[in-house]
Peer 1: 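Okay, handing you the structure first.
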Amino acid sequence: MENTCNGNSNLIIKQGEPTRVPPAEETEKGLYYLCNLDQNIAVSMRTIYFYKSENKGNEEAADVIKESLSKVLVHYYPLAGRLTISSEGKLIVDCTGEGPLFVEAEAGCSMLEMLGMAQADPMVLKNLVYEIPGAKHILETPVFTVQVTKFNCGAFAMGMAMNHCMADGISAVEFINSWGETARGLPITIPPSLDRTILRARDPPKIEFPHDEFLDIEDISNTHELYNEEMMYRSFLFEPKKLIRLKNKAIEDGAIAKCTTFEALSALVWKARCKALRMNPAQQTKLLFAVDGRSRFNPSLPKGFFGNGIVLTNALCNAGELMDNPLSHAVELVQNAVKLVTDSYMRSAIDYFEKTRARPSLNATLLITAWSRLSFHTTDFGWGETIYTGPVGLPEKEVALFLPHGEDRKGINVHLGMPASAMKIFEEEIMLI
């Protein structure tokens, strides 16, 4: 199969036929429980990892990655199964041991040419991740696929699509780092803890908090009309010096004593986006982001917990209140959303889903996904750390991605999409820092 990159017929990616990679040894069969925190985010996470070594070509890359995948799946056997629906009407894994789909591919370009094209059109990277053509719904989609693409410069890319119901970012990093250790002939540093029944809902369910993450807000600002315009996607770089200036600005009026980079940046983006979308001052607006609950559960989740140990939290206020007050006010709202996440809040969220089967609503909402804290770049299959790693594809219109930047990863790239006229206002607001 051939995919033409970016309309340039010289740059073609030739994909081989997909094959299955079953675990190297017999693994447990039967149904594997997915908890309520897994049910909410059953979407495909597509990530890409580029490698190039000065003293090692790409000839063995596909074989090394395939063989080590087979071995690591013995420990992570649910990834070798398929999704189905349980008797309760929820997603569950049927551990068939069939293994994920694996594809070998060749690109008629160098890695640098590919990365250059991706800067102009991020969707080019989709060619490096295998997805089943024509899959109509989640049960037709594999839980996990892998594509190894060799470039004509001796570099290669490993593209992975994994259903988010199988793992959050932290679990995905632990899995892929274990896979890299296996490829290098090393024992796994953090063996997975696979039991998700520790996050079962209580019987009867006990909802103790308002769960505004599910609140469906009325769009009184008619922002949906703005979205009829052409969408623009931009990245805004916050270098370490700019991030320090931003944090100083957040605390300059003395309303808050301190804040984290994430809190200050989330507050700024939320505030600027409300202004850019010309929200009615009376418009309710919501900020959603994930908090790692592993250490916040009581008792803490076991080391190596494999699954979704994250909980969505939220901040809610009127757009006018957000725009008219100093940055410190928005930062405080973000800080309160973080403080909200306690053991009882997370148990309540699990029980809320048990009772309502609700999905978080994204009306008048900004959802922030922070990759800046995840160490996907450390994965080493024997070719050293990645040259580049990141998510594939563009964020949804309600989503802002925080991606690490620079060799020391201390800068942050804010990547988001908005209608063209709104993007101009957003840029002006961001430049004020």
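These figures come from a predicted structure and were not determined experimentally.
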Peer 1: Applying the side-chain contact (heavy atoms from CB on, under 4.5 Å) criterion to Arg234, which one of Met423, Met418, His415 satisfies it?
Peer 2: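 Going through the options one by one, the only one that passes is Met423.
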Peer 1: So, do Lys52 and Met111 sit near enough that their side-chain heavy atoms are less than 4.5 Å apart?
Peer 2: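 A side-chain contact under 4.5 Å exists here.
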Peer 1: Could you check whether Lys275 pairs with Asp324 (Lys NZ or Arg NE/NH1/NH2 to Asp/Glu carboxylate O, under 4.0 Å)?
Peer 2: no
Peer 1: So that I can tick it off, tell me whether Lys14 and Glu106 are bridged by a salt bridge, with the cut-off set at under 4.0 angstrom between side-chain N and carboxylate O.
Peer 2: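 Salt bridge between Glu106 and Lys14, a charged N being under 4.0 Å from a carboxylate O: no.
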Peer 1: Is a side-chain donor or acceptor of Asn318 paired with a backbone partner of Gly320 at a separation under 3.5 angstrom?
Peer 2: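 No, the answer is negative, given that no donor and acceptor are paired below the 3.5 Å cut-off.
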Peer 1: Hey, are Arg278 and Ser421 close enough side-chain-wise for a donor-acceptor pair under 3.5 Å?
Peer 2: yes
Peer 1: Any donor and acceptor pair, going by atom type alone, linking the side chain of Gln119 with main-chain N or O of Gly116 inside 3.5 Å?
Peer 2: no
Peer 1: Give me the one residue out of Val93, Asp94, Ile92, Asp195 that meets side-chain contact (heavy atoms from CB on, under 4.5 Å) with Tyr32.
Peer 2: Val93
Peer 1: Can you tell me how far apart OG1 (Thr365) and CG (Leu288) are? Round to the nearest 0.5 Å.
Peer 2: 5.5 Å
Peer 1: Between Phe238 and Val414, is a side-chain contact (heavy atoms from CB on, under 4.5 Å) present by the stated rule, with each step listed?
Peer 2: CA-CA 8 Å; Phe238 286 78; Val414 176; 3.8 Å; yes
Peer 1: Tell me if the aromatic rings of Phe175 and Phe144 count as close, with their centers under 6.0 Å from one another.
Peer 2: yes
Peer 1: Indicate whether the side chain of Asn280 and that of Ser221 have a donor and an acceptor atom separated by less than 3.5 Å.
Peer 2: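 Asn280 vs Ser221: no donor-acceptor pair found between side chains.
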Peer 1: Report the C-alpha separation of Asp38 and Arg196 in whole Å, then their side-chain angles, then the decisive distance to 0.1 Å, and conclude whether the salt bridge (Lys or Arg N to Asp or Glu O under 4.0 Å) test is met.
Peer 2: CA-CA 10 Å; Asp38 302 316; Arg196 304 190 191 193; 3.1 Å; yes
Peer 1: Decide whether Thr141 and Arg82 meet the rule of one side-chain donor and one side-chain acceptor closer than 3.5 Å.
Peer 2: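 There is no such pair between these side chains.
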Peer 1: So that I know where these two stand, are Phe262 and Phe289 an aromatic pair - ring centroids less than 6.0 Å apart?
Peer 2: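 Centroid distance Phe262-Phe289: below 6.0 Å, so yes.
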Peer 1: Could you tell me if the ring centre of Trp179 sits under 6.0 Å from that of Phe381?
Peer 2: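 So the answer is yes for these two rings.
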Peer 1: Could you walk me through whether Arg46 and Met160 pass the side-chain contact (heavy atoms from CB on, under 4.5 Å) test, one step at a time?
Peer 2: CA-CA 6 Å; Arg46 296 172 302 184; Met160 185 170 93; over 6 Å; no
Peer 1: Among Thr285, Asn222, Asp219, which one satisfies side-chain contact (heavy atoms from CB on, under 4.5 Å) with Met279?
Peer 2: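 Among Thr285, Asn222, Asp219, the one that satisfies the side-chain contact (heavy atoms from CB on, under 4.5 Å) with Met279 is Thr285.
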Peer 1: Can you list every ring pair (Phe, Tyr, Trp, His ring centres under 6.0 Å) pair that touches residues 213-236, not counting sequence neighbours?
Peer 2: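 As it turns out, the ring pair (Phe, Tyr, Trp, His ring centres under 6.0 Å) pairs with a partner in residues 213-236, which skip direct neighbours, are Phe214-Tyr352, Phe236-Phe426.
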Peer 1: Considering residues at least two apart in sequence or located in another chain, which fulfil the side chain to side chain donor-acceptor pair (under 3.5 Å) criterion with Glu26?
Peer 2: Lys29
